Amino acid sequence: MPEGHSIHRLARQFNDVFAGEKVAVSSPQGRFVDGAALLDGHTIISAFAHGKHLFVNFENDLTLNVHLGIYGAWTFGGDDQFNGASSIGAPRTIGEKERGTAEVSGEYQGAPEPKATVRTRIVSEHGWADLIGPTICRVLTPDEVRGVRAKLGPDPLNDDADPASFYRAASKTGRPIGVVLMDQKSISGVGNIFRAESLWRQKINPFRPAKELDASELEALWEDNKHLLHIGVRVGRIITTEPDDRPGIPETEAWPEHANYVYMHHGEPCRRCGSIIRVEEVAGRKLYWCPGCQH
DNA sequence: GCCCTATGTTAAA
DNA sequence: TTAACCTAGGGCT
């Protein structure tokens with residue numbers, strides 16, 4: 001799944017290729033037929049992301065709201081006037097891979113026959129986008145969009161995000177900070193990799209009650225997640241290691257074992273203190289951390 | 001082919 | 001806390 005950075009890349013992609021375009025919307029799979037009919041034939045105004053939610057505004061005041069969950073993914077394709085044919089969403093290879101323009105070449109000949117699992121297909125004059133496996137795919141009114149966003153915590157990738165809201169939420173709960181970072185009502189866009197990596201980078205034990213962290217620690221977590229999310233948006237992958245820790249390996253080519261410090265590194269020695277990295281299931285998700293240097 | 005896993009979330013128990 | 005849901009790929013037999 002895609003953590004928040006993928007959704008912001010998606011929003012950017014939608015703005016690049018669909019903004020101002022009149023589109024055909026359909027549901028080859030058949031599970032979004034009614035929703036698609038509300039949008040079919042209308043013009044896309046713009047798209048934006050809040051945490052892991054994608055919102056696509058149409059000129060008829062309706063908004064397409066998609067959440068990819070763990071499995072969801074969008075695939076794009078089109079002609080030369082359709083920027084950046086690519087795939088964004090659930091990884092289909094080791095690590096996250098978002099395919100570049102080189103994968104789709106030659107003359108655009110129309111969208112391919114959709115797979116039976118395509119929940120939603122969007123087609124413009126110059127290209128197409130297919131959505132598979134989303135947790136959420138629905139059409140919202142402006143009021144409903146506000147309602148959904150009101151339940152989401154601040155997203156470090158959004159310029160108008162208020163970190164104080166995250167600090168307040170963390171300061172009043174005894175839940176572990178590792179759990180709070182995954183709670184989209186407290187902070188949105190952070191997922192299992194960013195939470196593990198940011199806690200390791202800030203040397204904070206994920207099991208510490210959130211309310212016991214001091215202001216500088218909460219601020220460090222906000223700023224580091226913001227920093228790491230921005231790298232994710234720029235590179236299209238989650239890269240949480242510092243350049244010095246992957247000598248000679250450009251961020252765009254970092255292998256999975258070079259890209260992260262603790263995520264999926266259980267059983268290996270911590271590169272900071274040598275202790276063996278551990279993994280434990282917490283609230284249904286695997287939490288990776290170093291018992292030696294995260295206090 | 002079968003089993004497992006995954007960057008997620010919600011509802012039921 | 002558990003189950004359910006959404007899908008595809010990899011490793012195994």
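Residue numbers start from 1 in every chain, and the chains themselves are labelled A, B, ... in the order their sequence lines are given, proteins ahead of strands. Predicted model, so just to flag it, every value in this text is computed and none were measured.
Applying the salt bridge (Lys or Arg N to Asp or Glu O under 4.0 Å) test to every pair with at least one member in residues 185-208 of chain A, sequence neighbours left out, gives these pairs: D183(A)-K185(A), R201(A)-D224(A), R201(A)-E242(A), R208(A)-E217(A). Among residues at least two apart or in separate chains, there is no salt bridge (Lys or Arg N to Asp or Glu O under 4.0 Å) pair with a member in residues 271-283 of chain A. Residue pairs meeting the side chain to side chain donor-acceptor pair (under 3.5 Å) criterion with at least one partner in residues 135-158 of chain A, sequence neighbours excluded, are H8(A)-D155(A), H50(A)-R149(A), N65(A)-R138(A), T141(A)-E144(A), D143(A)-R146(A).
By the 4.5 Å side-chain criterion applied to Ile, Leu, Val, Met, Phe, Trp and Tyr, F207(A) is assigned to a cluster that also includes V179(A), V282(A), L287(A), W289(A). M182(A) belongs to no hydrophobic cluster with other residues, because no ILVMFWY side-chain heavy atom falls under 4.5 Å from its own, directly or through intermediates. Cluster partners of I136(A) are absent, since no Ile, Leu, Val, Met, Phe, Trp or Tyr has side-chain heavy atoms less than 4.5 Å from it.
Contacts between residues 27-40 of chain A and DNA chain C, defined by a heavy-atom separation below 4.0 Å, involve Q29(A), R31(A), listed by number. For the segment residues 139-155 of chain A, the set of residues with a heavy atom within less than 4.0 Å of an atom of DNA chain B is empty.
The distance between atom CD1 of I70(A) and atom C1' of dA6(B), rounded to the nearest whole Å, is 5 Å. For R119(A) and dC5(C), the CZ to P distance is 13 Å, given to the nearest whole Å. If you take NZ of K286(A) and P of dT7(B), they are 8 Å apart, rounded to a whole angstrom. The CD1-C1' distance, from I7(A) to dT7(B), rounds to 10 Å in whole Å. If you take CD1 of I187(A) and P of dT7(B), they are 18 Å apart, rounded to a whole angstrom. Rounded to a whole Å, the CG atom of D183(A) is 13 Å from the P atom of dG8(B). Summarising the geometry, the separation between NE2 on H50(A) and P on dG8(B) is reported as 16 Å, rounded to the nearest angstrom. One interatomic measurement links the two molecules: CD of E281(A) to P of dT5(B), which rounds to 9 Å at whole-angstrom precision.
Residues meeting the ring-ring contact (aromatic ring centres under 6.0 Å, His included) test with H266(A), sequence neighbours left out: Y288(A). With sequence neighbours excluded, no residue satisfies side chain to side chain donor-acceptor pair (under 3.5 Å) with E219(A). In this structure F58(A) satisfies the ring-ring contact (aromatic ring centres under 6.0 Å, His included) test with no other residue, sequence neighbours excluded.
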Every protein N/O within reach of nucleotides 9-13 of chain B N/O, cut-off under 3.5 Å:
{"unit_1": "dT9(B)", "atom_1": "OP1", "unit_2": "H67(A)", "atom_2": "NE2", "d": "3.2"}
{"unit_1": "dT9(B)", "atom_1": "OP2", "unit_2": "K52(A)", "atom_2": "NZ", "d": "3.2"}

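Here Y71(A) does not reach the OP1 or OP2 of dC5(C): none of its side-chain N or O atoms lies under 4.0 Å away.
Taking atom P in both dT9(B) and dG9(C), one finds a spacing of 23 Å when rounded to whole Å. Taking the P atom of each, dT10(B) and dA8(C) are spaced 23 Å apart, rounded to whole Å. One P atom belongs to dC4(B), the other to dA3(C), and the distance between them is 14 Å to the nearest Å. dT5(B) sits 16 Å from dT2(C) when the P atoms are compared, rounded to a whole Å.
With hydrogens and angles left out, the side-chain atoms of R121(A) and S26(A) include no donor and acceptor closer than 3.5 Å.
The ring of Y263(A) has its center no closer than 6.0 angstrom to the ring center of W200(A).
Proximity of a side-chain donor or acceptor of S188(A) to a complementary backbone N or O of Q184(A) within less than 3.5 Å is not detected.
Nearest nucleotide to the side chain of Y288(A), out of dT7(C), dA6(B), dG8(B): dA6(B).
Note on F194(A): nothing from the nucleic acid sits closer than 4.0 angstrom, heavy atoms only.
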